[in-house]
Engineer: 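Got a structure for you, written out below as structure tokens; questions coming shortly.
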2 protein chains.
Amino acid sequence: MAVATASRVLSGSDHPVSARTRAKVLAAAAKLEYSPSALARAMVSPHSGLVGVLVSDIVNPYFAVIARGVDDVATRAGYVTMLSNVDRRTDTEIGRLRAMRDYRAAGVIFAGSGYVDDPRTPDLVKAVSRAREEGIRAVSLADRDLGCPTITVDNRAAAHDITDHLVSLCHRRIAFIEGPPGMTVTQHRRDGFLAAMSTAGLAEGAHCVPGGFDFEAGHAAAVRLMARPPLPDAVLAANDEVAVGALSALRQAGIDVPGEISVAGINDLRVAQHVGLTTVSLPLYEMGSMAARHIVESAQGEDAGDSATTTLSHRLITRETTARRTSTA
Amino acid sequence: MAVATASRVLSGSDHPVSARTRAKVLAAAAKLEYSPSALARAMVSPHSGLVGVLVSDIVNPYFAVIARGVDDVATRAGYVTMLSNVDRRTDTEIGRLRAMRDYRAAGVIFAGSGYVDDPRTPDLVKAVSRAREEGIRAVSLADRDLGCPTITVDNRAAAHDITDHLVSLCHRRIAFIEGPPGMTVTQHRRDGFLAAMSTAGLAEGAHCVPGGFDFEAGHAAAVRLMARPPLPDAVLAANDEVAVGALSALRQAGIDVPGEISVAGINDLRVAQHVGLTTVSLPLYEMGSMAARHIVESAQGEDAGDSATTTLSHRLITRETTARRTSTA
DNA sequence: CAAGTTGGGGAAAACGTTTCCCGGATTCTG
DNA sequence: CAGAATCCGGGAAACGTTTTCCCCAACTTG
């Protein structure tokens with residue numbers, strides 16, 4: 001028996017093999033508990049069967065959900081997921097992309113957003129472009145043009161929609177706790193908030209305060225807000241964690257939410273359900289799974305659409321932290 | 001120039017190469033933007049430079065923190081992390097282990113706990129043993145003997161300690177919301193609770209109720225508890241999420257925590273800090289990073305201790321959801 | 001019965017490294 | 001100055017697959 005024969009039956013080639021030989025090979029493979037080396041296989045294949053995902057921090061549930069979406073479809077398709085935390089550093093991103101490129105990943109997914117005017121972004125774009133020339137697929141999952149297919153949501157519209165909701169609840173003076181300074185997603189969400197307020201003729205009532213993306217930022221921002229009366233009618237936070245932080249600070253101070261002030265977030269992570277937070281639901285899992293699906297399908301030759309941008313829809317989720325304004329401030 | 005020469009200067013061999021030649025190689029490599037194939041390198045190395053981590057669900061922050069610990073040291077050591085979600089299914093675990101074995105991972109880390117009397121565990125143990133024979137290191141991070149080095153905490157002691165704390169606060173009737181039925185960690189934490197209650201002479205006051213590991217389970221358990229008065233003096237939950245769920249149900253029902261009832265959890269995840277939950281802090285990040293360190297060091301030949309079990313210490317964290325009992329029930 | 005056809009299987013190349021072995025050139029040593 | 005030691009660089013094997021090319025045997029058909 002030659003190795004070629006074994007390979008033919010084990011890897012399901014179209015080259016005909018007699019039933020007898022096939023059985024012999026199968027028996028031998030079973031006895032030896034043989035499992036082909038994915039490495040050697042990768043050497044002769046266009047890719048290694050690895051799918052990479054670059055997240056800012058896997059501990060952040062936002063990214064964990066995306067990663068879960070990626071891994072689920074990757075695994076189902078027979079791939080293995082590679083994960084790297086890049087802490088929002090473009091340099092690190094470039095480095096990890098390179099590492100995954102060295103493994104001839106079928107594709108790499110960029111889950112994180114970037115900074116506006118980041119001087120290193122051009123280098124990343126160049127790195128992505130070179131990786132793609134080598135046959136490594138890339139997908140961006142954020143408001144960031146990496147010169148590759150992008151699957152994202154309209155963060156402006158999301159912020160706009162939830163602001164509209166707050167406005168429809170008769171809130172006139174609304175504070176927006178921003179995300180981390182300089183991030184594209186921060187800008188987009190702020191833009192959406194501001195645009196909605198403007199359109200509602202409430203530009204005067206719009207008040208942006210610096211924040212971040214974590215609980216502490218929301219807590220601190222709310223504390224600062226309370227230190228400088230009058231309190232706004234509502235607080236929109238850049239994301240759910242910030243909203244929960246703000247909520248916590250407000251309630252700690254004895255302020256009734258939503259009685260005296262409404263609070264809303266963006267993302268609809270688990271924590272939002274738990275505290276009954278009004279928010280806008282983003283299809284994070286779908287973004288991850290779609291990105292992975294794009295990669296495995298395109299790796300299978302079924303060339304999916306190229307550098308197109310797919311915008312997934314968001315959905316307003318009203319819960320208990322927002323209510324119609326009743327006070328006559 | 002021969003490939004061998006290039007390899008020598010690029011991979012830092014001890015074989016001498018003249019400065020002139022070295023410079024030429026370096027220049028050529030720079031011009032070509034050459035980066036060695038990790039795959040080809042893996043073919044001739046004892047391992048591929050990949051480190052695998054098997055988690056139940058990366059969306060669960062418990063595992064996300066572990067994964068983060070793994071990835072941080074793996075990346076620093078020049079490795080790349082592979083991630084797989086196994087949803088607590090031993091079969092899936094076996095399958096993913098096999099996939100990672102096919103990639104000749106330097107090691108695989110089992111982050112999840114198992115079920116008692118799981119009929120498939122012996123198969124997993126066998127699979128681990130075979131993987132180790134092939135030079136693939138394995139580390140277990142839970143109360144589960146996989147025939148490999150184990151880095152874990154003493155869940156019994158953790159539950160015991162926090163129960164002691166509750167008892168020291170004069171709570172006599174304490175309900176314990178259990179983890180998912182059948183899991184080893186569920187059993188251990190329950191054992192610790194029961195033992196502490198017994199030792200305190202409070203066996204009568206110990207009341208175990210079925211639960212799970214998520215917010216909903218805690219919420220539901222608390223609702224059931226309230227439906228069947230009298231309310232216990234305190235509730236200890238199998239983990240933080242359950243505790244937060246219970247907390248939420250209790251407060252929703254207008255019950256004052258910690259005034260009327262104390263609530264405590266286990267794990268000390270971010271959510272525990274946010275709601276001010278008394279809990280016991282588990283060194284999750286350290287478990288992940290230690291496991292990864294064990295793997296990379298042992299892969300470098302510095303043979304770390306073998307199948308020894310390392311037990312990391314936990315720490316009681318008292319916050320605002322527990323207080324001394326004042327009511328005269 | 002001869003020639004063509006087809007089914008089945010083997011040999012070898014290719015993927016890109018690292019490392020072992022060897023030979024030529026240079027330098028040191030006696 | 002001869003021999004030996006040293007220094008450098010090249011050739012080739014090995015890692016484990018898949019795939020292409022080729023060949024042989026058996027069967028079919030005229």
Side-chain angles (χ1 to χ4, degrees), chain A residues 1-29 31-50 78-80 98-106 130-131 133-136 299-301, chain B residues 1-29 31-50 78-80 98-106 130-131 133-136 299-301:
Chain A
M1 267 197 311
V3 288
T5 309
S7 170
R8 284 193 266 257
V9 4
L10 263 9
S11 60
S13 156
D14 51 351
H15 190 101
V17 173
S18 75
R20 242 178 65 79
T21 310
R22 175 178 306 268
K24 263 202 304 191
V25 168
L26 256 18
K31 186 143 63 84
L32 272 301
E33 300 188 21
Y34 170 82
S35 185
S37 158
L39 260 25
R41 181 173 273 179
M43 284 288 290
V44 294
S45 305
H47 65 79
S48 61
L50 260 8
Y79 289 67
V80 175
R98 186 198 183 97
M100 290 174 174
R101 188 167 64 108
D102 291 345
Y103 279 99
R104 273 252 246 32
R130 266 200 296 278
E133 283 164 14
E134 290 179 19
I136 293 166
Q300 243 92 71
Chain B
M1 269 195 309
V3 289
T5 308
S7 169
R8 284 193 267 258
V9 2
L10 263 8
S11 61
S13 155
D14 51 351
H15 190 100
V17 172
S18 75
R20 242 178 66 78
T21 310
R22 174 177 307 269
K24 262 203 302 191
V25 169
L26 256 18
K31 186 142 64 83
L32 273 302
E33 299 187 21
Y34 169 83
S35 184
S37 159
L39 259 26
R41 182 172 273 179
M43 285 286 290
V44 294
S45 306
H47 65 80
S48 62
L50 260 8
Y79 290 66
V80 175
R98 186 197 183 96
M100 290 175 174
R101 188 167 64 107
D102 291 345
Y103 279 99
R104 275 256 247 27
R130 266 200 297 277
E133 282 164 14
E134 290 180 19
I136 293 168
Q300 243 92 72

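First the proteins, then the strands, lettered A, B, ... as listed; each starts at 1. All figures in this text were calculated on a predicted structure; none of them were measured in a lab. The figures that follow rest on heavy atoms only: side chains count, while hydrogens, waters and symmetry mates do not.
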Engineer: Relative to the 5' end of DNA chain D, which residue comes earlier, B:V44 or B:A2, by the nucleotide with the nearest heavy atom?
Structural biologist: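 Comparing both residues, the 5'-ward one is B:A2.
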Engineer: Roughly how many Å is it from OH in A:Y103 to P in C:dG16, rounded to a whole number?
Structural biologist: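 Taking atom P of C:dG16 as the reference, OH of A:Y103 is at 16 Å.
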Engineer: For A:R101 and C:dG16, give me the distance from atom CZ to atom P, rounded to whole Å.
Structural biologist: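 In whole Å, C:dG16 P lies 13 Å from A:R101 CZ.
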Engineer: Quick one: which of C:dG8, C:dT17, D:dC8 gets closest to the side chain of B:T21?
Structural biologist: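 Output: D:dC8.
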Engineer: Is A:S18 close enough to C:dG9 that one of its side-chain N or O atoms is under 4.0 Å from OP1 or OP2 there?
Structural biologist: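 True: A:S18 side-chain N/O within range (under 4.0 Å) of C:dG9 OP1/OP2.
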Engineer: With a non-hydrogen cut-off below 4.0 angstrom, is A:S45 in contact with a base, only sugar-phosphate, or nothing?
Structural biologist: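 Since no nucleic acid heavy atom lies under 4.0 Å of A:S45, the category is nothing.
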Engineer: Please name the pair of heavy atoms, one in A:R98 and one in B:Y34, separated by the smallest distance, quoted to 0.1 Å.
Structural biologist: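 Heavy-atom minimum between the residues: NH2-O, 3.5 Å.
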Engineer: With heavy atoms under 4.0 Å as the rule, sort A:S13 into base, sugar-phosphate or nothing.
Structural biologist: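 No contact.
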Engineer: Should B:V9 and B:T21 count as side-chain neighbours, where that means a heavy-atom distance under 4.5 Å?
Structural biologist: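 No, too far: nothing below the 4.5 Å cut-off.
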Engineer: Taking N and O atoms by type only, does the side chain of A:R104 place a donor or acceptor under 3.5 Å from a partner on the base of C:dG16?
Structural biologist: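 Check fails, no donor-acceptor contact within cut-off.
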Engineer: Given side chains that start at C-beta, do those of B:V25 and B:L10 come closer than 4.5 Å, heavy atoms only?
Structural biologist: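 Yes - at least one pair of side-chain heavy atoms lies under 4.5 Å apart.
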Engineer: Which atom names give the shortest non-hydrogen contact between A:R104 and A:S45, and what distance separates them?
Structural biologist: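 Shortest heavy-atom separation between A:R104 and A:S45 comes out as NH2-O, 3.4 Å.
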Engineer: Kindly say if B:T5 contacts the phosphate of D:dG10, meaning a side-chain N or O under 4.0 Å from OP1 or OP2.
Structural biologist: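 Affirmative; the distance criterion is met.
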Engineer: Quick one: bend of the helix from C:dC1-D:dG30 to C:dG30-D:dC1 from 5 pairs per end, to 10°?
Structural biologist: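 Its terminal axes enclose an angle near 50°.
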Engineer: Using whole Å, what does the distance between atom P of nucleotide D:dC21 and atom CG of A:D14 come to?
Structural biologist: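 Distance, rounded to whole Å: 14 Å.
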Engineer: Test for a donor-acceptor pair under 3.5 Å between the base of D:dG9 and the side chain of B:R20, counting only N and O atoms.
Structural biologist: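 By the distance-only test, no, there is no pair.
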Engineer: What is the separation between atom CE on B:M43 and atom C1' on D:dG16, rounded to the nearest whole Å?
Structural biologist: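 From B:M43 CE to D:dG16 C1': 4 Å.
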Engineer: Atom CZ of A:R8 to atom P of D:dT17: distance rounded to whole Å?
Structural biologist: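 Going from CZ in A:R8 over to P in D:dT17 covers 15 Å.
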Engineer: Find the distance B:R22:CZ to D:dG9:P and express it as a whole number of Å.
Structural biologist: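 Whole-Å distance recorded here is 9 Å.
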Engineer: Using a 3.5 Å distance criterion without hydrogens, assess whether the side chain of A:S7 forms a donor-acceptor pair with backbone atoms of A:V3.
Structural biologist: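 Pair absent, no side-chain N/O of A:S7 close to backbone of A:V3.
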Engineer: If you look at every strand shown and take non-hydrogen atoms under 4.0 Å, does A:V17 touch a base, only sugar-phosphate, or nothing?
Structural biologist: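 Sugar-phosphate only.
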Engineer: Does a side-chain heavy-atom distance below 4.5 Å link B:D102 with A:L39?
Structural biologist: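 They are not in side-chain contact.
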Engineer: I'd like to know if the side chain of A:S48 and the backbone of A:A42 have a donor-acceptor N/O pair within less than 3.5 Å.
Structural biologist: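 It does not hold such a pair.
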Engineer: Give the rounded distance in Å between these two atoms: CG of B:L39 and C1' of C:dA14.
Structural biologist: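 Value for this atom pair: 14 Å.
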Engineer: In whole angstrom, what separates B:H15's NE2 from C:dC21's P?
Structural biologist: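 After rounding, the reported distance stands at 13 Å.
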Engineer: Quick one: label B:S37 by what it contacts on the DNA or RNA (base, sugar-phosphate, nothing), any heavy atom closer than 4.0 Å.
Structural biologist: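 Sugar-phosphate, backbone atoms only, no base.
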Engineer: State, to 0.1 Å, how close B:S11 and B:R41 come at their nearest heavy-atom pair, and which atoms those are.
Structural biologist: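 Of all heavy-atom pairs spanning B:S11 and B:R41, the closest is CB-NH2, 4.1 Å.
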Engineer: Tell me which nucleotide among D:dG16, D:dC7, C:dG16 gets nearest to the side chain of B:P16.
Structural biologist: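 It is D:dC7.
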